[in-house]
Amino acid sequence: MNNHLKFFIDGSWVDPVAPKTIEVIDPSTEEVYTAISAGSAADVDKAVAAAKGAFASFSLTSKEERLALLKRILECYNERFEDIAQAVSQEMGAPLPFARDSQAWAGRGHMEATIAAFEDYQFTEKRGSTTVIKEPIGVCALITPWNWPLNQIVCKVAPAMAAGCTVVLKPSEIAPISGIIFAEVMAAAGTPIGVFNLVNGTGPDVGQVMAGHPDVDMVSFTGSTRAGIIVAKTAADTVKRVAQELGGKSANIILRDADFETAVTKGVQGCFSNTGQSCDAPTRMLVPADRHEDALAIARKAAEAFKTGDPRADGVDLGPVVSQIQYDKIQRLIESGIGEGATLVTGGTGRPEGLNRGYYIRPTVFGHVTPEMMISREEIFGPVLSIMSYKDEEDAVRIANDTVYGLAAYVQSTNIDNARAIAKRMRAGSVYINYPAWDTFAPFGGYKQSGNGREYADWAIHDFLEIKGVVGWA
């Protein structure tokens with residue numbers, strides 16, 4: 001018996017207060033394969049009350065007790081690793097190897113990074129006669145997205161609990177099953193009653209209620225900038241802390257001295273990873289104007305090497321996007337790129353050849369994209385790359401920073417000193433030089449309308465803490 005129609009509240013799997021369901025669709029087939037319960041304000045009240053009740057004791061547990069709990073959670077997570085990967089593949093369409101090696105791995109990686117950072121974390125500091133104490137902020141509402149479900153769940157839950165907070169989690173209702181399995185992991189690990197709670201449902205009926213709840217002390221939200229604004233406005237009435245990781249439109253500057261073949265090819269691969277459904281994807285490739293045609297030829301070859309299809313089939317690189325809504329949005333944006341005069345290098349509207357159902361997108365590359373075009377300014381969230389020209393490095397930096405977003409930026413160069421200088425000028429929370437490996441200890445978060453606060457490792461633990469100065473301690 002699965003727990004798809006139940007919530008995890010106060011240490012038990014419980015039925016919703018008012019029965020109501022949400023269908024969960026397999027994006028590769030467009031068919032309903034299960035359903036979850038849709039929560040309401042009454043369910044949120046129960047979960048928040050449980051978290052508030054547990055906070056009094058959990059906030060006083062020792063660092064050693066919480067560290068031991070996180071290690072048990074990691075063990076139980078590893079025992080359910082394949083279940084998690086299979087769930088992610090079906091609920092959001094990730095090809096199974098990617099679901100294992102990236103999606104499910106991300107949850108493991110963040111738990112390991114939090115544990116490592118927590119082992120060395122200090123909660124007190126002396127400054128003259130004052131002692132500075134870092135204390136858990138309280139009950140935390142965690143609202144996570146569908147595109148990297150375990151990545152975002154674990155990089156919120158683990159540091160919040162390391163800090164001594166109690167939590168109420170609302171996973172995305174579009175891809176909720178991996179979150180339910182994670183709740184089963186938390187139960188199996190012996191998480192104290194009320195410390196971790198899960199309520200499924202929609203943003204308006206559950207997420208907003210959590211954000212505005214008077215007994216919630218902090219909201220950590222990952223999702224679209226539009227939804228993040230709603231969360232922040234809702235939370236403002238109770239003056240709670242709000243951490244947000246929102247949208248992005250990341251520039252990838254390929255400097256003149258870069259290995260062009262490698263830089264363009266890897267740029268396409270980075271943009272298309274996770275079927276383009278990453279908020280920090282390098283979706284705007286900036287190349288020297290006199291190398292633009294070279295870039296288009298390399299990008300076409302790289303894009304056409306991707307195989308799109310059934311996420312459970314061998315050799316598939318790209319699965320479907322997550323929903324009909326996302327599919328329709330991406331189609332409209334591809335149409336706008338064609339209509340506004342960008343060069344369609346490869347791909348375009350409609351499904352890839354041979355696929356007549358499922359939310360599949362043709363891997364698409366546009367050339368000669370200009371800054372005013374919609375595909376240059378809006379977050380597409382699909383396998384669609386825009387290639388743009390720049391005159392010189394000053395022009396490249398100006399174009400790259402000409403966006404309301406500031407989550408990530410990329411720089412490719414064989415001159416590391418110059419790459420570092422460019423990186424310092426990028427108005428983004430993360431800058432990646434020459435396609436480095438994923439670093440779960442680096443701070444992650446955005447400038448401008450990409451949000452505020454930082455996640456990953458000790459950066460995330462810090463965000464879940466209050467700072468108390470005890471003056472005269474000495």
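Applying the side chain to side chain contact (heavy atoms under 4.5 Å, CB included) test to T34 and every residue at least two apart in sequence or in another chain returns H4, V24, I177. For A258, the side chain to side chain contact (heavy atoms under 4.5 Å, CB included) criterion is met by I254, A263, Q412, not counting sequence neighbours. For E65, there are no salt bridge (charged side-chain N to carboxylate O under 4.0 Å, His left out) partners, not counting sequence neighbours. By the side chain to side chain contact (heavy atoms under 4.5 Å, CB included) test, T262 is found to be paired with D259, K266, residues two or more places apart in sequence or in another chain being considered. In this structure K71 satisfies the side chain to side chain contact (heavy atoms under 4.5 Å, CB included) test together with L67, I115, E119, sequence neighbours excluded.
Ring-plane geometry between F118 and F123 is classed as perpendicular, the angle between the planes exceeding 60 degrees on a 0 to 90 degree scale with a lower cut at 30.
Side-chain atoms of Q86 and E82 form a donor-acceptor pair, as typed in the model, at a separation below 3.5 Å. Neither side chain, K468 nor T131, offers a donor N or O lying under 3.5 Å from an acceptor on the other. A side-chain N or O of R108 and one of N78 form a donor-acceptor pair less than 3.5 Å apart.
By the 4.5 Å heavy-atom criterion applied to side chains, R377 and M373 are not counted as neighbours. In this structure the side chain of V44 never reaches within 4.5 angstrom of the side chain of V168, judged on heavy atoms. Side-chain contact between K329 and L333 is present, with at least one heavy-atom pair separated by less than 4.5 Å. At least one side-chain heavy atom of I143 sits under 4.5 Å from a side-chain heavy atom of V219. Two residues are said to be in side-chain contact when any heavy atoms from C-beta on lie closer than 4.5 Å; N200 and P171 meet this criterion. Contact annotation: the side chain of P159 approaches that of T114 to within less than 4.5 Å [non-hydrogen atoms, C-beta and beyond]. I181 is listed as a side-chain neighbour of I84, based on a closest heavy-atom distance under 4.5 Å. D463 is not listed as a side-chain neighbour of E455, based on a closest heavy-atom distance of 4.5 Å or more.
The environment of R241 atom CZ is dense: over 12 non-hydrogen atoms of other residues, nucleotides or ligands sit within 6.0 angstrom.
In this structure, R100 is not positioned above the aromatic face of F81 in the sense of NZ or CZ being under 6.0 Å from the six-membered ring centre and within 45° of the axis.
Salt-bridge check for R454 with E245: failed, with every basic side-chain N at 4.0 Å or more from each acidic carboxylate O. For R425 and E394, the salt-bridge test passes: some basic side-chain N is under 4.0 Å from an acidic carboxylate O. A salt bridge is absent between K46 and D43; no separation between the charged side-chain nitrogens and carboxylate oxygens falls under 4.0 Å. Using a cut-off of 4.0 Å between Lys/Arg side-chain N and Asp/Glu carboxylate O, D215 and K52 are scored as salt-bridged. The pair E184-R80 meets the salt-bridge criterion, with a side-chain N (NZ, NE, NH1 or NH2) lying under 4.0 Å from an Asp/Glu carboxylate O.
Minimum interatomic distance between N401 and R427 (heavy atoms only, all atoms of both residues): OD1-N, 3.0 Å. Between S389 and I399, the shortest heavy-atom distance links the atoms O-CD1, 3.5 Å. Residues A99 and A85 approach most closely at CB-O, 3.4 Å, considering heavy atoms.
The stretch residues 261-282 participates, sequence neighbours left out, in these ring-ring contact (aromatic ring centres under 6.0 Å, His included) pairs: F272-F306. For residues 142-179, the ring-ring contact (aromatic ring centres under 6.0 Å, His included) pairs, not counting sequence neighbours, are F98-W148, W146-F381, W148-W438. Sorted by first then second residue, the ring-ring contact (aromatic ring centres under 6.0 Å, His included) pairs that include residues 448-474, not counting sequence neighbours, are H110-Y456, F444-Y456. Counting only residues at least two apart or in different chains, ring-ring contact (aromatic ring centres under 6.0 Å, His included) contacts with residues 191-222 comprise F182-F196. Sorted by first and then second residue, the side chain to side chain donor-acceptor pair (under 3.5 Å) pairs with a member in residues 439-451 form an empty list; sequence neighbours excluded. Residue pairs that meet the side chain to side chain donor-acceptor pair (under 3.5 Å) test with at least one member in residues 159-183, sequence neighbours left out, are E91-S178, K170-E173.
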Under 3.5 Å donor-acceptor pairs involving side-chain atoms of residues 10-21, not counting sequence neighbours:
unit_1: D15; atom_1: OD1; unit_2: K6; atom_2: NZ; d: 2.8

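Within the model, atoms CG of N147 and OG1 of T222 stand 8.5 Å from one another, a figure rounded to the nearest 0.5 Å. Atom CD1 of residue I330 and atom CD1 of residue I380 lie 8.0 Å apart, to the nearest 0.5 angstrom. If you take CD on E135 and CD1 on I467, they are separated by 9.0 Å, rounding to the nearest 0.5 Å.
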Set out, in order, the CA-CA distance, both residues' side-chain angles and the distance that settles side chain to side chain contact (heavy atoms under 4.5 Å, CB included) for V231 and Q208, then state yes or no. CA-CA 6 Å; V231 166; Q208 257 183 278; 5.7 Å; no
